[in-house]
Chemist: 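Sharing a structure below in structure tokens format, with a few things to ask.
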Amino acid sequence: MSIIKDSSAVTTRFAPSPTGSLHLGNARTALFSSLWARKAGGRFILRIEDTDVERSQLRFRDELMADLRWLGLEWDEGPDKGGASAPYLQAERGGFYRTLFKQIEVNGQAYSCYCTADDLELSRKVQRMAGKPPRYAGTCRQLTVVQRTEREARGLRPSLRFAVPIGQTIEFTDVVHGAQRFLSDDIGDFIIRREDGTASFFFCNAVDDSAMGVTHVLRGDDHLTNTPRQLMLLDALGMRRPGYGHVGLLVGTDGAPLSKRHGSTSVLEFRDRGFLPAAILNHLFRLGHSSDTDGWLAAENMPPHFRPEHLGRAPARFDETHLMHWQKETVERMSAEELAAWLGVGDPPDFVELVRHNVVLPDDAVEWRNVMHGDLPPMGRDEQSVIAAAGPGFFAAAAAAFDQSSSNLGALAKILKERTGRKGAELYMPLRVALTGQAHGPELAPLLKLMSPATARRRLEYHAQNS
RNA sequence: GCUCCCUUCGUCUAGAGGCCUAGGACAUUGCCCUCUCAAGGCAAGUACACGAGUUCGAAUCUCGUAGGGAGCGCCA
């Protein structure tokens, strides 16, 4: 693919609207976009689409940027960094939009529309009932100057509508879907400037991508049928068309669009639950995308393995089972320091290493802290039968042996083996259960070494008395 | 309703007419290793939505059917 090889030319962007925290689906397109730029040595732009003053919030903008950074998706140009195409907040680009509105209006490619929300809703309803697509009827398209001034006099503020050309075929090649063809006659005149003077999505999104030199727009499938609108707009303005790639949507385990009822859907939620950026990245990396490797990748190693030509058309299910796997892989690869910091409560390095293979989420460390320092929870069925099978005599011997061996498991086992004739699982399992209350857990030798001798001794003694 | 998109193991995916008795990964199950779990090794099961057509040959091309999804907003 020649467009990919021309590295310096690749410019991608992520353009969220600050109306909520970073959604997994958005995080994925951000990842893909960023990887594409990194792979090609190009630029990755962050643009905030905050033209909807009602819903946009400063708090969400900050959250979005924090979530992106937490994931490690840093942008080259953006609101807080500036860049050649500044500003990167659409709310601050009004002047630019106004120039273009003027141009398009003067050219007769857009017109003032005085229809009210009620008018439009009624019109849509009528069309729907007539079995027609609910498109704008074109009511204001041919308004005379007299009619316009009359409406203005009534105090009606117009919106600006794009006059969709008649009888045109819009064609483009989608990076993931291939050749696309749409008829302009299927598309109604759409609003490009709201009554309050702000630019609508169709307009500013398309115009900014073009003006900022974005070469590859990666976005969700839901935008595929919007693309011809934006293309017509850019053509009308004589602006360069970016390339588009529409990735299959991210859906829940039931195949329905990802929503709250599927559990966690935002990056923040996973972060709060203790998932690591690399785990999330590795999972998203393989959702609707296939790489040349099945293995875990550090974020910095991902770009060369990203393959835009292998972006998926079909919707991909977000399955936490896979996330768990990548989480496990990530934990395995963390340094002792990182692990300690992640677990949070100033655990000593020895403890951290001890529980490393038994921890997927930070909460999993809690029970092992209790095993080391606190009281043992009640034993389960399996554990009880292990204790019963060993019998009080075994633990009496174990306690006695401990007085000689102290916390050296090897020595303890050796003495105990001589005295009881037990070996293997028969020997170790009762010790494990007595010491930890569980049949599963970290390696016994280091665990014993880390446990206070008094505690160990007490736990062995306990079963000598109470079995 | 109209337009568009999608459909390979439970899940993520490979596959661009013969390399496919459909490959890998995750998950599952069994075995090995082992004091347990994890890791590692080995093995097993499970998939081309359906129906026609084109072709010597189709998961791959065409057309239908079914099922999912999106768009048709002064949301993005």
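The structure presented is a predicted model; accordingly, all values stated were derived computationally and were not measured. Excluded from the calculations below are hydrogen atoms, water molecules and symmetry mates; all remaining heavy atoms, backbone and side chain alike, are included.
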Chemist: Can we say A/Arg181 and A/Glu171 salt-bridge, meaning some charged N sits less than 4.0 Å from an Asp/Glu carboxylate O?
Modeler: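 Yes.
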Chemist: Suppose you measure atom P in B/rG51 against the same atom in B/rC31; what distance do you get, rounded to whole Å?
Modeler: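 Straight-line distance between the two P atoms is 39 Å.
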Chemist: With a 3.5 angstrom cut-off on both distances, give the Watson-Crick or G-U wobble partner of B/rA44, or none if there isn't one.
Modeler: B/rU28
Chemist: Reckon A/Arg124 touches a base, only the sugar-phosphate, or nothing at all at heavy-atom distances under 4.0 Å?
Modeler: sugar-phosphate
Chemist: Could you give the distance separating B/rA22 and B/rA58 at their P atoms, to the nearest angstrom?
Modeler: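 It comes out at 16 Å once rounded to the nearest Å.
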Chemist: Determine which nucleotide pairs with B/rC37, using a 3.5 Å limit on both distances of a Watson-Crick or G-U wobble pair.
Modeler: none
Chemist: Map A/Met429 and A/Arg28 onto RNA chain B by nearest heavy atom, then report which one ends up closer to the 5' terminus.
Modeler: A/Arg28
Chemist: Paired with B/rA49: which nucleotide, if any, by Watson-Crick or G-U wobble criteria at under 3.5 Å for both distances?
Modeler: B/rU65
Chemist: Determine the contact category for A/Leu287: base if any of its heavy atoms lies under 4.0 Å from a base atom, sugar-phosphate if only primed atoms, P, OP1 or OP2 are that close, otherwise nothing.
Modeler: sugar-phosphate
Chemist: Is A/Arg194 close enough to B/rC75 that one of its side-chain N or O atoms is under 4.0 Å from OP1 or OP2 there?
Modeler: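 A/Arg194 to B/rC75 OP1/OP2: side-chain N or O found under 4.0 Å.
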Chemist: Determine the Euclidean distance between corresponding P atoms of B/rA25 and B/rG17; express it in Å to zero decimal places.
Modeler: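 Their P atoms lie roughly 26 Å apart.
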Chemist: How do A/Ala314 and A/Ser200 order along RNA chain B: which one's closest nucleotide is nearer the 5' end?
Modeler: A/Ala314
Chemist: Heavy atoms only, 4.0 Å cut-off, all strands: where does A/Arg181 land among base, sugar-phosphate and nothing?
Modeler: nothing
Chemist: How would you label the contact of A/Phe202 with the nucleic acid (heavy atoms, under 4.0 Å): base, sugar-phosphate, or nothing?
Modeler: base
Chemist: Is the centre of the A/Phe44 ring less than 6.0 Å from the centre of the A/Phe14 ring?
Modeler: no
Chemist: Provide, to the nearest angstrom, the distance between the NE2 atom belonging to A/His283 and the P atom belonging to B/rU13.
Modeler: 9 Å
Chemist: Name the closest nucleotide to the A/Asn358 side chain, picking from B/rC72, B/rC37, B/rU11.
Modeler: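 So the nucleotide nearest the side chain must be B/rC37.
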Chemist: When the ring centroid of A/His262 is compared with that of A/Phe318, is the distance short of 6.0 Å?
Modeler: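 For A/His262 and A/Phe318, the ring centres are not under 6.0 Å apart.
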Chemist: Mind checking the P distance from B/rC42 to B/rC26? Whole angstroms is fine.
Modeler: 12 Å
Chemist: May I ask you to decide whether A/Glu63 forms a salt bridge with A/Arg59, counting only side-chain N to carboxylate O separations under 4.0 Å?
Modeler: yes
Chemist: Heavy atoms only, 4.0 Å cut-off, all strands: where does A/Glu54 land among base, sugar-phosphate and nothing?
Modeler: nothing
Chemist: Take atom P in B/rU29 and the same atom in B/rC35, then report the distance between them in whole Å.
Modeler: 23 Å
Chemist: Hey, does the side chain of A/Arg13 reach the backbone of A/Val214 with a donor-acceptor pair shorter than 3.5 angstrom?
Modeler: no
Chemist: The side chain of A/Phe182 lies closest to which of these nucleotides: B/rA25, B/rU3, B/rC72?
Modeler: B/rU3
Chemist: Within the 4.0 Å heavy-atom criterion, would you say A/Cys113 contacts the bases, only the backbone, or no part of the nucleic acid?
Modeler: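 Nothing, no nucleic acid heavy atom in range.
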Chemist: Assess whether atom CD of A/Glu418 is packed by more than 12 heavy atoms of other residues, nucleotides or ligands within 6.0 Å.
Modeler: yes
Chemist: Phosphate oxygens OP1/OP2 of B/rG15: is one of them under 4.0 Å from a side-chain N or O of A/His310?
Modeler: yes
Chemist: Please classify the nucleic acid contact of A/Pro134 as base, sugar-phosphate, or nothing, using heavy-atom distances under 4.0 Å.
Modeler: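 If one applies the 4.0 Å heavy-atom cut-off, A/Pro134 turns out to touch a base.
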Chemist: Within the structure shown, what part of the strands sits under 4.0 Å from A/Glu49 by heavy-atom distance: base, sugar-phosphate, or nothing?
Modeler: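 Here A/Glu49 touches the backbone only, sparing every base.
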Chemist: To the nearest Å, how far apart are A/Leu427 CG and B/rU36 P?
Modeler: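 That distance rounds to 12 Å.
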Chemist: Would you say the ring centers of A/Phe101 and A/Phe203 fall short of 6.0 Å from each other?
Modeler: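 Ring-ring flag for A/Phe101/A/Phe203: true, centres closer than 6.0 Å.
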Chemist: Just compare B/rA76, B/rC4, B/rC6 and give me whichever is closest to any side-chain atom of A/Phe201.
Modeler: B/rA76
Chemist: Mind checking the C1' distance from B/rA59 to B/rC50? Whole angstroms is fine.
Modeler: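 The answer is 14 Å between these two C1' atoms.
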Chemist: So, the side chain of A/Ser56 versus the backbone of A/Val53: is there a donor-acceptor pair under 3.5 Å, distance only?
Modeler: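 No, the answer is negative, given that no donor and acceptor are paired below the 3.5 Å cut-off.
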Chemist: Could you check how far CZ of A/Arg317 sits from C1' of B/rA27, rounded to whole Å?
Modeler: 15 Å
Chemist: Using OP1 and OP2 only, check whether a side-chain N or O of A/Thr51 sits under 4.0 Å from B/rA76.
Modeler: yes
Chemist: Provide the distance between the two C1' atoms, one in B/rU8 and one in B/rU13, to the nearest whole Å.
Modeler: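 Pairwise C1' distance, B/rU8 against B/rU13, rounds to 9 Å.
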Chemist: Considering only the C1' atoms, how many Å lie between B/rG1 and B/rG45, rounded to the nearest integer?
Modeler: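 B/rG1 and B/rG45 have their C1' atoms separated by 46 Å.
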Chemist: Taking CG from A/Asp222 and C1' from B/rG68, how many angstroms apart are they, rounded to a whole number?
Modeler: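 Computing the A/Asp222:CG to B/rG68:C1' distance gives 15 Å.
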Chemist: Using Watson-Crick or G-U wobble geometry with both distances below 3.5 Å, tell me the partner of B/rA22, or none.
Modeler: none
Chemist: Would you classify A/Pro257 as touching base, sugar-phosphate or nothing, given that sugar-phosphate means primed atoms plus P, OP1 and OP2, and contacts are heavy atoms under 4.0 Å?
Modeler: sugar-phosphate
Chemist: Which part of the nucleic acid, if any, lies within contact of A/Ile191, taking any heavy atom under 4.0 Å across all strands shown: a base, the sugar-phosphate backbone alone, or nothing?
Modeler: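 Base, at least one base heavy atom under 4.0 Å.
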Chemist: Tell me the interatomic distance from A/Leu156, atom CG, to B/rC74, atom P, rounded to whole angstroms.
Modeler: 16 Å
Chemist: Side chain of A/Asp186 only, please: which of B/rC35, B/rC6, B/rU3 is the nearest?
Modeler: B/rU3
Chemist: Under a 3.5 Å cut-off for both distances, is B/rG71 Watson-Crick or wobble paired, and to whom?
Modeler: B/rC2
Chemist: Can you measure A/Phe60 atom CZ to B/rA76 atom P for me and round it to whole angstrom units?
Modeler: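 Taking atom P of B/rA76 as the reference, CZ of A/Phe60 is at 15 Å.
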Chemist: Identify the two heavy atoms, one from A/Ala456 and one from A/Phe402, that lie closest to each other, and give their separation to 0.1 Å.
Modeler: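 Closest heavy-atom pair between A/Ala456 and A/Phe402: CB-CZ, 3.8 Å.
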Chemist: Give the rounded distance in Å between these two atoms: CZ of A/Arg135 and C1' of B/rC74.
Modeler: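 Computing the A/Arg135:CZ to B/rC74:C1' distance gives 19 Å.
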Chemist: Just compare B/rC74, B/rC6, B/rC37 and give me whichever is closest to any side-chain atom of A/His177.
Modeler: B/rC6
Chemist: Using a 6.0 Å distance limit plus a 45 degree cone around the ring axis, check whether A/Arg47 lies over the aromatic ring of A/Tyr88.
Modeler: no
Chemist: Phosphate oxygens OP1/OP2 of B/rA27: is one of them under 4.0 Å from a side-chain N or O of A/His322?
Modeler: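 The answer is no; no side-chain N or O of A/His322 sits under 4.0 Å from OP1 or OP2.
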Chemist: Using a cut-off of strictly less than 4.0 Å, decide whether A/Ser290 has a side-chain nitrogen or oxygen near OP1 or OP2 of B/rA14.
Modeler: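 So the side-chain polar atoms of A/Ser290 do come within 4.0 Å of the phosphate oxygens OP1 or OP2 of B/rA14, strictly under.
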Chemist: Could you tell me the separation between the CZ atom of A/Arg307 and the P atom of B/rU13, rounded to a whole number of Å?
Modeler: 13 Å
Chemist: Could you check which nucleotide pairs with B/rU60 in any of the strands shown, counting Watson-Crick or G-U wobble with both distances under 3.5 Å?
Modeler: none
Chemist: Quick one: look up who B/rU55 pairs with, Watson-Crick or G-U, both distances under 3.5 Å, and put none if it's unpaired.
Modeler: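 B/rU55 is unpaired by these criteria.
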Chemist: Select base, sugar-phosphate, or nothing to describe what A/Asn226 touches, counting heavy atoms under 4.0 Å on all strands.
Modeler: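 Base: the residue A/Asn226, judged by heavy atoms under 4.0 Å, touches a nucleobase.
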Chemist: Should the side chain of A/Arg432 and the base of B/rC35 be counted as holding a donor-acceptor pair, with the cut-off at 3.5 Å?
Modeler: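 Donor-acceptor pair under 3.5 Å: yes.
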Chemist: How would you label the contact of A/Gly441 with the nucleic acid (heavy atoms, under 4.0 Å): base, sugar-phosphate, or nothing?
Modeler: base
